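This one's a predicted model, so the numbers in the text were calculated from it and none came from an experiment. Each chain gets a letter, A, B and so on, in the order the sequences are listed, and its residues count up from 1.
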Amino acid sequence: GESVGLHLPTLSVQEGDNSIINCAYSNSASDYFIWYKQESGKGPQFIIDIRSNMDKRQGQRVTVLLNKTVKHLSLQIAATQPGDSAVYFCAENTGGYNKLIFGAGTRLAVHP
Amino acid sequence: EAQVTQNPRYLITVTGKKLTVTCSQNMNHEYMSWYRQDPGLGLRQIYYSMNVEVTDKGDVPEGYKVSRKEKRNFPLILESPSPNQTSLYFCASKITGDYGYTFGSGTRLTVV
């Protein structure tokens, strides 16, 4: 697989536990945020998004929380499964539709 | 199947030898973009295109060229590759006015 995970922080969880992946973003004017999942050997895949006028958004087994006061974003994965093992990126939109800035990523390792 | 297709997946070349990485999407997206991904740095935008014959520089354009002669294709050209262009490259597309990208599977380029 691709070695995108080198030098990344790693979160290790047991299968069935809940996972929380955190992201600090840089621009207080950012109005839109996305979480992407990148499995080994694949390109990033969209998971969930949230606009800056919201604090929380839920999807299937995933929840994104936004704290604009401290410029913090988190992704919660319920009942983590082995298939959730991947690198997770947050991205912020800093202006217009062409200014997505990606974070460095966090590797999630799920153990049986 | 809606997808972004990049070729080749892996490429090893020598310094100074011109190369082209192809990218094609079948979703009729107006907007296409190239990113490079390096350990610890996340995804950084190289060039983007808002439509046919409309291209612009991203954050790290030096040493790269692009063209957009057809809506579906957006090749990345390295006229004289150097070792610091060794990286994992992703092509992505989206609908103009939307935020979320569809990414290709990546091209691992090594320049020796």
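The same ILVMFWY cluster, assembled from side-chain heavy atoms under 4.5 Å apart, contains both A:Y32 and B:L43. Linking Ile, Leu, Val, Met, Phe, Trp and Tyr residues whenever their side-chain heavy atoms come within less than 4.5 Å leaves A:L108 and A:F89 in two separate clusters.
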Show which side-chain atoms of residues 14-27 of chain B pair as donor or acceptor with protein atoms under 3.5 Å away, not counting sequence neighbours.
{"residue": "B:T15", "atom": "OG1", "partner": "B:V112", "partner atom": "O", "Å": "2.8"}
{"residue": "B:T22", "atom": "OG1", "partner": "B:N7", "partner atom": "O", "Å": "3.3"}
{"residue": "B:S24", "atom": "OG", "partner": "B:R72", "partner atom": "NE", "Å": "3.4"}
{"residue": "B:S24", "atom": "OG", "partner": "B:R72", "partner atom": "NH2", "Å": "3.4"}
{"residue": "B:S24", "atom": "OG", "partner": "B:N73", "partner atom": "OD1", "Å": "3.1"}
{"residue": "B:Q25", "atom": "OE1", "partner": "B:M27", "partner atom": "N", "Å": "3.0"}
{"residue": "B:Q25", "atom": "OE1", "partner": "B:N28", "partner atom": "N", "Å": "3.1"}
{"residue": "B:Q25", "atom": "OE1", "partner": "B:H29", "partner atom": "N", "Å": "3.1"}
{"residue": "B:Q25", "atom": "NE2", "partner": "B:H29", "partner atom": "O", "Å": "2.8"}
{"residue": "B:Q25", "atom": "NE2", "partner": "B:K71", "partner atom": "O", "Å": "3.2"}
{"residue": "B:N26", "atom": "OD1", "partner": "B:Q3", "partner atom": "N", "Å": "2.8"}
{"residue": "B:N26", "atom": "ND2", "partner": "B:E1", "partner atom": "O", "Å": "2.7"}

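For B:F90 against A:G43, the heavy-atom pair with the smallest separation is CE2-CA, 3.3 Å.
Rounded to the nearest 0.5 Å, atoms OH (B:Y101) and CZ (A:F102) are 6.5 Å apart. Atoms CZ and NZ, on A:F46 and B:K94 in that order, are 13.0 Å from each other to the nearest 0.5 Å. Taking OH of B:Y35 as the start and CG of A:L100 as the end, the distance is 5.5 Å to the nearest 0.5 Å.
Note on residues 73-83 of chain A: pairs passing side chain to side chain donor-acceptor pair (under 3.5 Å), not counting sequence neighbours, are A:S19-A:T80.
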